[in-house]
Every structure is written in structure tokens, then in C-alpha cells.
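A quick write-up on the structure given underneath.
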Amino acid sequence: MRRTNFKGVIIFLGLTVCYVLGEADLGLDTTKPKILDGKNVPNNPTRHAVKSIQSEDGDIIDCIDIYKQPSLDHPSLKNHIIQKSGSCPKGTIPVVRRRTHNDDELLSNSRKKSPLTVHQRNHSKAILLTEGYNYAGVKADIKVWNPHVESDDEYSTSRISLRSGPWYDFESVEAGWAVNPGVYGDRQTRLFIYWTVDASKKTGCFDLTCPGFVQTSHEIALGAAIYPISVFRGLPYQITLFIFKDPNTNNLWVQYGERTNIGYWPPKLFKTLTYGAECAEWGGDVYSSKLEQVPHTETQMGNGNFPDYIDGNSGYMKRMRILDISLNLKFPEWVGTYADEYWCYQSQYVSDYVVDPEFYFGGPGRNDLCP
């Protein structure tokens, strides 16, 4: 096997990332990676891969030219000039190759995200939300779990979100972690982003699976497996995510871990979010065709437990913030909780006896009260 100048992998706030330095390639763990020639990998979805690496957990990471990433195929982004601070070694970004075998199936699965579709029953959310002002950003520390997902066409997420528009035709952007076998081909907990401009009827997708989001970071791979994962009575692991609007360009950025800007959604993608969001959300979302019916899905939210603010043995969000239109990062003046299916997935806001308000959420799905 040909050797490379591989600099290694960093466990960064619980997310495995790696650097492309000089002759370096991308991997997802500290074991010696298997180097592949990206041009000879069957069904390679990233045509412009400079090199590819297969990690021990089965992921293949393609290193592609930053100006040949899928997002720039969007008609609105023709001749787009990438906003970026610093430089990306050899002008590349990391892209996790999906484990689904069919590109059409991947694109279809990546769009199953409308919180309120025509039937309004594909999603079950347990969230904390604020509205009534103009929001330029949303931020939180999100505890990382690996919930059970019953079927391959279902998923569970914990995420932050900005949203504008009516329920039947809203625009939104999201960032968080997901267990989504339909998109990623396995049941690992993975970093994700999502966007739509029409309630997911025709636009929007996860990560870089369709044109739109422009990645600039060479450190973070969207769709990468997150490790380690929280376990009960073990160390709690969390990720910090921040979606915010650049006041100079109106780009909507996603920041990871207080310091790393992953990339952005250009303002040309949106009509209303460009000028600020009407609502900010924190919490969990389960997608399934078996909601509000018997038998209910057993797909879990959080870690499958109802909110547990005493031991923290459930999904939670801490250090929740909004960025107001004056660019003040603060806790919102008003918040409210909401749950689509209270006996299946619940939400609990805690503000007494804590320095900073906290939000707990989750549930098992099917149980004695949610048959």
C-alpha cells in the first residue's frame, strides 16, 4: 500500500475530525487508514475527489476541490465567490461518502424532513421555542446519545433551528446530530445540517446531498460519526452548535465547538430567512410513518427516556442562546415548550435552581401510554 503523509486524527469535543495537511488525507479514527484511489472507487458520488480514505468504521472520506463541491451546482450560486477566512490546504474539503447504494434513493431520503407536511403526521417534535422577534442566530450545547431507530426509513435528531414563514410553506435551517439510516446507511450518531425553502416539498436536504450549503472548513466532515457517545452514569458528551447570520453578507453560518465555522447557506437560497428568522427552536424530532397510530413506532428521541433533569439521563440542551437583530447573544426573553405526542415524547423546561435555563426532552416512542 502506498504511504501518505497522514498527520492523524483529532477527537474534537466528541466529534472525530481530521486535517488535510500537505500530503495528508482524511480519516475518522486513530488507526492507520486504508488509502484508496478516488477515481477507481465504484459508484463514487464525489466525482472530483482528489483522494479517498476508508476508515475502520467503514466510512469513506473523499477530499474534493472546494470549488467543485455539490452545493455550487445550485442555479442561484453560479459564479459564487466563497466567503472564507484562512486557507484550506490544497483547496479541499472533507465529504463523507454515503453508504446508500442508489443516488436517487439517497436524494429522496435526504428530503424527508418537513416538520409539517400536508398530512402533518410524519414528524413528532418535543421542543423549546421562542418567537415574536427577529432572530439572527440560535445556539446550544447538545448532549449526544445514540437512540434506537426502529426502521431504515425513520430517523431521530436533536437539533437547533431557525425558521420563518407559514406552516405550509416555511423556510428553515437546522444543525445537530442524527441517527438516520436512510441517509447515512447505518445507525451511528452523526453530525448533520438541513435546510429547506418550501417546507421540504421540493427543496432542501441533509448535508451536501444537494446544492445549497457551501462548506469552507477542512476540519469538520458533515455526516461524520460522533464519538464518544454519552452513557447513563458515565461521562456526558455534548457538542456546541451555533447558526448565525453574517450582517455583512447575510450568509447563514454553522459554527461547531465555539471556533470552527463549517460553512454557510448563501442568502440567494432564501426569501425571508435572509432578513432574519421568526422563530428559534431547540429539541428533538422523530420522523416516521408510524406516528399517532397503533402500533406506534419504537424509534426513540434523545436516549429513549422521558425528560430527566435530576440525573440528566435524557436528551438535553444547555447554554441556549439567540442572536438578536442587534447582534446580542443572549437567552431569549420568552420561551415555550411543545410536544406533538406527549405520551410518546415529552419536553421540560427548567429555570428554577439553575444558573442558566436548561431544556430536557425525549421519550421511547411506543410504551404503555403510547401503544
Side-chain angles (χ1 to χ4, degrees), residues 98-100 102 104-129 142 144-161 163 167-168 170 172 174-196 199-202 204-207 209 223 229 281-307 314-315 337-347 360-371:
R98 310 302 174 188
R99 299 190 185 193
T100 51
N102 184 293
D104 293 334
E105 176 188 357
L106 167 63
L107 187 57
S108 174
N109 290 338
S110 73
R111 287 179 173 166
K112 293 177 180 178
K113 197 61 184 68
S114 171
L116 289 174
T117 62
V118 175
H119 301 289
Q120 301 186 33
R121 295 297 66 164
N122 289 337
H123 287 256
S124 188
K125 298 198 293 184
I127 59 172
L128 183 75
L129 72 157
I142 308 173
V144 180
W145 296 100
N146 183 244
H148 167 70
V149 172
E150 183 177 42
S151 303
D152 286 351
D153 61 351
E154 301 178 344
Y155 63 73
S156 179
T157 70
S158 291
R159 84 292 186 273
I160 58 174
S161 175
R163 176 172 156 173
W167 65 268
Y168 54 86
F170 60 84
S172 71
E174 300 183 11
W177 60 257
V179 177
N180 190 337
V183 169
Y184 301 116
D186 61 24
R187 283 171 167 76
Q188 294 191 75
T189 302
R190 295 179 176 273
L191 178 70
F192 87 94
I193 60 164
Y194 182 85
W195 69 279
T196 182
S200 296
K201 292 190 288 289
K202 293 183 179 179
C205 62
F206 288 87
D207 306 338
T209 55
I229 302 294
E281 294 181 1
W282 303 261
D285 178 18
V286 166
Y287 174 89
S288 173
S289 60
K290 296 179 289 184
L291 301 173
E292 292 199 347
Q293 60 178 274
V294 179
H296 192 280
T297 180
E298 291 184 338
T299 291
Q300 300 173 342
M301 181 187 294
N303 69 344
N305 290 331
F306 288 120
S314 66
T337 61
Y338 173 81
D340 280 308
E341 300 176 288
Y342 180 79
W343 299 114
C344 309
Y345 312 106
Q346 298 178 7
S347 56
Y360 295 82
F361 61 94
R366 188 190 315 165
N367 63 81
D368 291 342
L369 298 176
C370 178

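This chain uses plain numbering: 1 for the first residue, then up along the sequence.
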Task: Residues Y194 and S161: side-chain donor-acceptor under 3.5 angstrom - done: no
TODO: Begin with the C-alpha distance, continue with both residues' side-chain angles, and end with the deciding distance and a verdict on side chain to side chain contact (heavy atoms under 4.5 Å, CB included) for D152 and R187.
DONE: CA-CA 9 Å; D152 286 351; R187 283 171 167 76; 2.9 Å; yes
TODO: Check the pair Y155, F192 against side chain to side chain contact (heavy atoms under 4.5 Å, CB included), reporting the backbone distance first and the verdict last.
DONE: CA-CA 12 Å; Y155 63 73; F192 87 94; over 6 Å; no
Open item on the list: Main chain of E298, side chain of K290: is a donor-acceptor contact present, judged purely on distance under 3.5 Å?
Closed with: no
Task: Main-chain N/O of E292 paired to E341 side chain as donor or acceptor, under 3.5 Å - done: yes
Task: Spatial distance of atom OG1 (T196) from atom NZ (K201) [nearest 0.5 Å] - done: 7.5 Å
- [ ] Please name the pair of heavy atoms, one in L291 and one in S124, separated by the smallest distance, quoted to 0.1 Å.
- [x] CD1-N, 3.6 Å
Open item on the list: Using 0.5 Å steps for rounding, measure from the OH atom of Y345 to the CG atom of N367.
Closed with: 9.5 Å
Open item on the list: Any heavy-atom pair between the side chains of P147 and W177 that's under 4.5 Å?
Closed with: yes
Open item on the list: Just verifying a value: how many Å separate S347 OG and F306 CZ, rounded to the nearest 0.5 Å?
Closed with: 11.5 Å
Open item on the list: Can you confirm whether the side chains of Y360 and N305 place a donor and an acceptor under 3.5 Å from each other?
Closed with: no
- [ ] Indicate the atoms forming the closest heavy-atom contact of P181 with S151, along with that distance.
- [x] CG-O, 3.9 Å
TODO: With rounding to the nearest 0.5 Å, note down the distance linking CD in E154 to OG in S288.
DONE: 3.0 Å
- [ ] Kindly write out the residues that satisfy salt bridge (charged side-chain N to carboxylate O under 4.0 Å, His left out) with E281, not counting sequence neighbours, or none if the list is empty.
- [x] K125, R159
Task: Any donor-acceptor pair under 3.5 Å from T189 side chain to W145 backbone - done: yes
Task: Heavy-atom closest pair, residues D285 and M301 - done: N-CE, 3.9 Å
Task: Backbone of I193 reached by a side-chain donor or acceptor of D207 within 3.5 Å - done: yes
Task: Shortest non-hydrogen contact between L129 and Y338, atoms and distance - done: CD2-CB, 4.2 Å
Task: Heavy-atom donor-acceptor pair, T299 side chain to E150 backbone, under 3.5 Å - done: yes
Open item on the list: What's the separation between atom CZ in F206 and atom OH in Y184, rounded to the nearest 0.5 Å?
Closed with: 6.0 Å
- [ ] For G223 and R190, work out which heavy atoms get closest and say how close.
- [x] O-NH1, 2.7 Å
Open item on the list: Test your reading of the model: is there a side-chain donor-acceptor pair from R366 to the backbone of H296, 3.5 Å cut-off?
Closed with: yes
Open item on the list: Can you give me the closest heavy-atom contact between S158 and I142, atom names plus distance?
Closed with: CB-CG2, 3.9 Å
- [ ] Look only at the side chain of N146 and the backbone of V179, and say whether a donor-acceptor pair between them is shorter than 3.5 Å.
- [x] no
Open item on the list: Rounded to the nearest 0.5 Å, what separates atom OH in Y287 from atom CG in N122?
Closed with: 4.5 Å
